[in-house]
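Some notes on the structure that comes next.
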Protein chains: 2
Amino acid sequence: MTVTIKDIAEKAGVSYATVSRALNYKYGVNPSTRRQILEIASSMNYSPNAIARGLVKKQTHTIGLIIPDITNPFFPEVARGVEDMSEKMGYSIFLCNSNWDKTKENRYVKLLIEKRVDGLILAPSASVITEEDRQIYSRLPVVLMSGVQSGSGTSSVVVDNVKGGYIAGKYLIEKGRKKLCYIGGAEDSFSVKERFEGFFQAAESSISVSLSPDLVKFGDYRQKSGYRIMKELLENRNIPDAVFASNDLLAIGVIQAIRASGLKVPEDISVIGFDNIAAAGFGEVELTTIEHPKYRMGELAAGILLEKIDLKPEMQENKRVVLEPELIIRRTA
Amino acid sequence: MTVTIKDIAEKAGVSYATVSRALNYKYGVNPSTRRQILEIASSMNYSPNAIARGLVKKQTHTIGLIIPDITNPFFPEVARGVEDMSEKMGYSIFLCNSNWDKTKENRYVKLLIEKRVDGLILAPSASVITEEDRQIYSRLPVVLMSGVQSGSGTSSVVVDNVKGGYIAGKYLIEKGRKKLCYIGGAEDSFSVKERFEGFFQAAESSISVSLSPDLVKFGDYRQKSGYRIMKELLENRNIPDAVFASNDLLAIGVIQAIRASGLKVPEDISVIGFDNIAAAGFGEVELTTIEHPKYRMGELAAGILLEKIDLKPEMQENKRVVLEPELIIRRTA
DNA sequence: TTGAAAGCGCTAACAG
DNA sequence: CTGTTAGCGCTTTCAA
């Protein structure tokens with residue numbers, strides 16, 4: 001049915017080892033034989049079988065990438081970084097979407113290992129890395145991204161969340177805000193915790209500023225969650241004059257809730273987000289936020305992974321790269 | 001190194017054929033032997049080699065998905081549909097991003113074929129389908145999505161673009177708009193053309209409404225393009241009272257340009273988009289638009305492809321599914 | 001119910 | 001420079 005090197009060999013009147021050599025531009029093939037083989041191959045519409053090659057070479061030139069939410073513009077941006085870098089190095093990627101579901105994530109990891117990917121880049125859906133996870137990650141080169149604590153036993157690329165939170169807090173305080181509020185994604189997430197930590201530090205550093213526990217709320221990472229939480233706060237007349245949301249989607253939801261209640265952003269309540277997704281700059285959203293080097297993060301993760309892949313397991317060492325956040329001032333704060 | 005069925009066979013004291021049978025839940029294995037084998041397999045941390053299996057079964061349970069722009073929220077939404085459906089049916093996907101680059105797209109198609117995907121879902125980066133494309137698509141089951149003319153020689157899933165354009169036009173006219181403007185993506189794109197066609201029909205149907213050629217402009221599919229084109233129009237004092245943009249990202253750019261010039265949306269100029277991406281509902285964007293059944297489109301494409309995959313080539317017939325657009329009224333028109 | 005053996009398409013020694 | 005051969009890890013006849 002499909003043409004194989006044997007078919008080519010037959011037509012060219014050589015052994016199929018020679019065809020393999022010619023096709024792979026190996027030394028020791030007569031130029032004219034090679035030319036002939038190449039010609040026949042292309043005339044027969046030959047497509048090398050990467051599966052068969054993978055079986056013998058024990059590498060597939062494929063890496064797995066698992067992200068928790070392809071629908072949050074943050075992750076596609078990261079994925080682009082991973083993909084561009086991988087493609088440049090001759091690798092293709094299996095992109096999987098765990099949908100913030102740890103079980104699904106684990107299923108994908110298992111599947112990707114079965115498909116014998118050469119390495120794995122993972123933006124984990126949960127921050128806690130269990131002993132079991134560790135054991136799995138030890139089976140192949142892994143790089144973790146975004147929302148991973150250090151000492152995870154693998155390489156990782158993250159933004160400096162504490163610093164980002166601190167910058168956000170400082171900025172709001174400088175703007176004269178007194179009653180701060182923090183709205184985070186999952187409560188057990190490291191990045192959410194760290195961003196809070198930085199924000200809290202900033203609040204603590206100023207005597208006249210409050211960040212009371214009843215203005216620290218958690219939900220998930222989606223816009224609706226920001227809307228719901230803020231709406232509740234407003235309905236309970238528990239009204240801050242500044243909100244730091246742990247990502248832009250939440251921040252956008254927060255803004256919607258505020259405006260729906262008749263209050264103004266930033267006049268009545270300042271809002272600041274995190275990630276700097278494209279939508280943050282749209283029209284009158286004009287969200288003030290913290291730049292999260294998304295593309296760069298993906299690029300770095302892929303680079304580190306590919307480097308690892310080329311090394312013998314015992315030579316692989318774990319790196320942790322921490323990227324710098326940056327304040328992006330727009331209109332909401 | 002890694003555990004194979006031979007290792008298991010040895011430990012269990014059976015032939016490796018038996019192990020294969022047990023692992024695959026085939027008939028004709030003594031239940032107690034099977035239990036023992038399963039136990040040994042799991043204790044040895046056995047992970048089946050999908051590469052080896054793919055080689056003999058000549059199917060990989062993998063499908064390729066190529067989209068032109070992972071950064072446009074439209075496509076991730078479609079991808080989710082594809083992925084959910086595929087996963088349900090036991091397939092995983094290779095997601096590739098062609099970045100609106102036909103060459104890159106072709107490279108990916110070739111690569112995916114080499115990786116022996118069982119089928120391909122493609123949102124083409126260019127509308128024109130060449131003879132060469134056709135030939136490639138004939139090598140494996142293919143479903144085209146979004147922006148494909150009928151008679152492409154493969155199955156396809158699209159939205160009714162003409163109807164969508166018509167709905168948009170009708171709505172603007174009902175609102176009393178007289179001087180219409182169309183801002184499209186790539187000029188040679190079918191969806192862009194079809195949306196224009198419907199829009200044009202609506203304009204034609206009303207005597208007092210104009211849609212003059214100098215208010216029909218094309219660029220690419222990105223926000224910046226909408227901004228640039230609209231800005232130019234405004235600077236040239238060529239000012240419509242309603243704009244239909246061929247996607248939401250363009251529309252958002254258009255709105256930004258209008259507001260930057262001091263004019264108001266929708267008071268001075270109504271704006272309507274296409275796709276209904278999540279960002280269209282954000283904050284004060286509140287874009288009026290045409291719902292494009294994104295997730296459903298992905299789901300359907302995957303469903304059709306998987307159905308094809310199960311059929312012998314000569315039994316495969318091409319389907320064309322046309323989805324209904326729907327007007328989503330918000331604030332900008 | 002099980003084993004032996006062939007073969008999927010390819011690469012990589014080893015000879016020649 | 002080229003051919004022969006073994007083998008990657010698995011499934012699948014064919015016999016037993």
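Per chain, numbering begins at 1; letters A, B, ... match sequence-line order.
- If you check every strand for non-hydrogen atoms under 4.0 Å, Tyr27(B) touches nothing.
- Among dA6(D), dG3(C), dC8(D), the nucleotide with an atom closest to any side-chain atom of Lys6(B) is dC8(D).
- Taking atom NZ on Lys57(B) and atom C1' on dT12(D), their separation rounds to 10 Å, with Å as the unit.
- Every residue meeting the side-chain contact (heavy atoms from CB on, under 4.5 Å) condition with Pro68(A), not counting sequence neighbours, appears here in chain and number order: Phe75(A), Ser98(A), Trp100(A), Ala123(A), Ser125(A).
- Closest approach to the Ala52(A) side chain among dG9(C), dC10(D), dA12(C) is made by dG9(C) (side chain taken as heavy atoms from C-beta onward).
- In this structure, Glu10(A) places its CD atom 17 Å from C1' of dC10(C), rounding to the nearest Å.
- Distances from the side chain of Arg53(A) to the nucleotides dC8(C), dT11(C), dG3(C) place dT11(C) closest.
- Across dC10(C), dG3(C), dC10(D), the shortest atom-to-atom separation from the side chain of Tyr16(B) is found for dC10(D).
- Put simply, CG on Asn24(B) is 17 Å from P on dG9(D), counting in whole angstrom units.
- Taking the nucleotide of DNA chain C with the nearest heavy atom to each of Ser15(B) and Ser20(A), the more 5' of the two is matched to Ser15(B).
- In this structure, the CD atom of Gln59(A) is 14 Å from the C1' atom of dC10(C), given to the nearest Å.
- At the heavy-atom level, Thr4(A) lies under 4.0 Å from the strands shown only through sugar-phosphate atoms.
- Separation of atoms CD (Glu10(A)) and CG (Asp7(A)) is listed at 6.5 Å; rounding is to 0.5 Å.
- Put simply, CD on Glu83(A) and OH on Tyr295(A) are 9.0 Å apart, with the number rounded to the nearest 0.5 Å.
- In the region residues 30-45 of chain A, proximity to DNA chain C at under 4.0 angstrom, judged on heavy atoms, holds for none of the residues.
- Salt-bridge annotation for Arg107(B) and Glu87(A): present, with a side-chain N of the basic residue lying under 4.0 Å from a carboxylate O of the acidic one.
- Taking 4.0 angstrom as the limit, Lys26(A) places none of its side-chain polar atoms (N or O) nearer than this to OP1 or OP2 of dT11(C).
- Of the inter-residue distances, the one linking Leu305(B) atom CG with Met89(B) atom CE reads 10.5 Å to the nearest 0.5 angstrom.
- With a 6.0 Å radius and a threshold of 12 heavy atoms from other residues, nucleotides or ligands, Lys11(A) has its NZ atom at or below the threshold.
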* To do: Show the numbers, then the answer: is there a salt bridge (charged side-chain N to carboxylate O under 4.0 Å, His left out) between Lys102(A) and Asp133(A)?
  => CA-CA 11 Å; Lys102(A) 182 73 178 168; Asp133(A) 292 334; 3.1 Å; yes

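- Regarding Leu23(A), its CG atom lies at a distance of 11 Å from the C1' atom of dC10(C), rounded to whole Å.
- Under 4.0 angstrom from either OP1 or OP2 of dT11(D) there lies no side-chain N or O belonging to Tyr25(B).
- Distances were taken from every side-chain heavy atom of Asn49(A) (C-beta onward) to each of dC10(C), dT11(D), dT2(D); the shortest belongs to dC10(C).
- Taking for each of Arg116(B) and Val14(B) the nucleotide of DNA chain C with the nearest heavy atom, the 5'-most of the two is the partner of Val14(B).
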Contact list (N/O, under 3.5 angstrom) for nucleotides 13-16 of chain D vs protein:
| from | atom 1 | to | atom 2 | distance (Å) |
| --- | --- | --- | --- | --- |
| dT13(D) | O4 | Arg21(B) | NH2 | 3.3 |

* To do: Could you walk me through whether Lys308(B) and Glu317(B) pass salt bridge (charged side-chain N to carboxylate O under 4.0 Å, His left out), step by step?
  => CA-CA 8 Å; Lys308(B) 257 193 175 179; Glu317(B) 47 179 29; over 6 Å; no

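- At whole-Å resolution of the value, CD1 in Ile51(A) and C1' in dT11(C) are 15 Å apart.
- If you measure from atom CD of Glu114(B) to atom P of dC10(C), you get 10 Å, rounded to the nearest angstrom.
- Contact annotation: Thr18(B) side-chain N/O to dT2(C) OP1/OP2 distance is not under 4.0 Å.
- For Arg53(A) and Glu114(B), the salt-bridge test fails: no basic side-chain N is under 4.0 Å from an acidic carboxylate O.
- From Ile129(A), atom CD1 reaches atom CD1 of Ile136(A) across 11.5 Å, with rounding to the nearest 0.5 Å.
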